[in-house]
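Counting starts at 1 for both ligands and their atoms, in listed order.
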Amino acid sequence: MRLCINIDHIATLREARGGVEPDPVTAAHICELAGAQGIVCHLREDRRHINDRDLRLLRESIKTKLDLEMAATDEIVKIAIETLPELVTFVPERRQELTTEGGLDVRGHRHHLRDVIAEMHRHEIEVSLFIDPVLEQIDTAAEVDADKIEIHTGEYANARSEREQMELLEVVRAAAKHARGLGMGVNAGHGLNYLNITPFRTIQEIEEVSIGHAVISRALFVGLDRAVRDMLRACRGDV
Ligand code: PXP
């Protein structure tokens, strides 16, 4: 299971003062030096954290792979094509939300998504769709020619008991198997932390996890290098 680090929170802290630090680009380099296998950022329409300069410098300087989370809007699609990340992950975006809440409604937006995915493929950009672990949504993701899905693990992460968590783990497992069966790659993310990542190691189909909040929070106390290394160990199971 590869670990990609979402660095949006570093930019959120910078924007709290509207200055130049901490710099998410420096953070990305530290994550890579610690062993992260990819860098994730979300260029929101309102630029509340990551901005165009960050994206440009990330593209120029990171050595692993860039996963650009984005809404499928004309403006951001144009920027993605100019930037050429290795992967774009389409997410729903609402201005009022604190973070991405809920997966994409692929069924409801399938005509638009099919067109935008085709456009990305013309530029040799792989496409992932961030969706809830719902089989019908996964079927539609395959129909619109997505290369991968990212399973929204928010419900699993918010489980209120161990029993509920194990039930929701099985929902994620079934979704991952279903997507693999349809020939798509499987990533997962949202709300994953140093503890709830452990059972994920039993889902062979999950190739990659995208984690932000837990790692950046731990970094405040132990430093970013150690926080990333700790999460890599948790992903591997040697904690
Ligand atoms: N994947 C997606 C699509 C997200 O929107 C986010 C949050 O930015 C994450 C993963 C990472 O979630 P968290 O910050 O809770 O680890």
Exercise. Answer with yes or no whether Ala214 contacts ligand 1, where contact means a heavy atom under 4.0 Å from a ligand atom.
Key: no
Quiz item: Any idea which of His190, Glu69, His49 brings a heavy atom closest to atom 2 (C) of ligand 1?
Solution: Glu69
Quiz item: Taking Glu207 for the side chain and Val186 for the main chain, is one N or O donor matched with an acceptor at less than 3.5 Å?
Solution: yes
Practice problem: Could you please spell out the steps behind the side chain to side chain contact (heavy atoms under 4.5 Å, CB included) verdict for Leu55 and Leu66? | Solution: CA-CA 9 Å; Leu55 183 63; Leu66 179 62; 4.1 Å; yes
Practice problem: Could you tell me whether His152 approaches ligand 1 through its side chain, its backbone, both or neither, with non-hydrogen atoms closer than 4.0 Å? | Solution: neither
Practice problem: Looking only at distances, please establish whether an N/O atom of ligand 1 is found under 3.5 Å from an N/O atom of Gly189. | Solution: no
Quiz item: Looking at CD1 of Ile7 and CD1 of Ile216, how far apart are the two atoms once the value is rounded to the nearest 0.5 Å?
Solution: 8.0 Å
Quiz item: Which word best sums up how the rings of Phe130 and His152 line up, parallel for under 30°, tilted for 30 to 60°, or perpendicular for over 60°?
Solution: tilted
Quiz item: Which ligand 1 atoms, with their elements, are less than 4.0 angstrom from a heavy-atom of Gly191?
Solution: 12 (O), 13 (P), 15 (O), 16 (O)
Quiz item: Within the structure, does His42 bring an N/O atom to less than 3.5 angstrom of an N/O atom in ligand 1?
Solution: no
Quiz item: Hey, mind stepping through Arg114 and Asp145 against salt bridge (charged side-chain N to carboxylate O under 4.0 Å, His left out) and telling me if it holds?
Solution: CA-CA 7 Å; Arg114 182 180 284 125; Asp145 208 19; over 6 Å; no
Quiz item: Non-hydrogen atoms of Asn6 versus ligand 1: any pair closer than 4.0 Å?
Solution: yes
Quiz item: Within the structure, does Thr89 bring an N/O atom to less than 3.5 angstrom of an N/O atom in ligand 1?
Solution: no
Quiz item: Side chains of His42 and His49: is there a donor and an acceptor less than 3.5 Å apart?
Solution: no
Quiz item: How about Glu32 and Thr64: does a side-chain donor come under 3.5 Å of a side-chain acceptor?
Solution: yes
Practice problem: Using distance alone, decide if ligand 1 has a nitrogen or oxygen within less than 3.5 Å of any nitrogen or oxygen in Phe130. | Solution: no
Quiz item: Just checking, any donor-acceptor pair under 3.5 angstrom between side chains of Asn6 and Ser210?
Solution: no
Exercise. List every atom of ligand 1 that sits less than 4.0 Å from any heavy atom of Val91, numbering the atoms from 1 in the order shown and giving each element.
Key: 3 (C)
Practice problem: Please confirm whether His9 comes within less than 3.5 Å of ligand 1 when only nitrogen or oxygen atoms on both sides are compared. | Solution: no
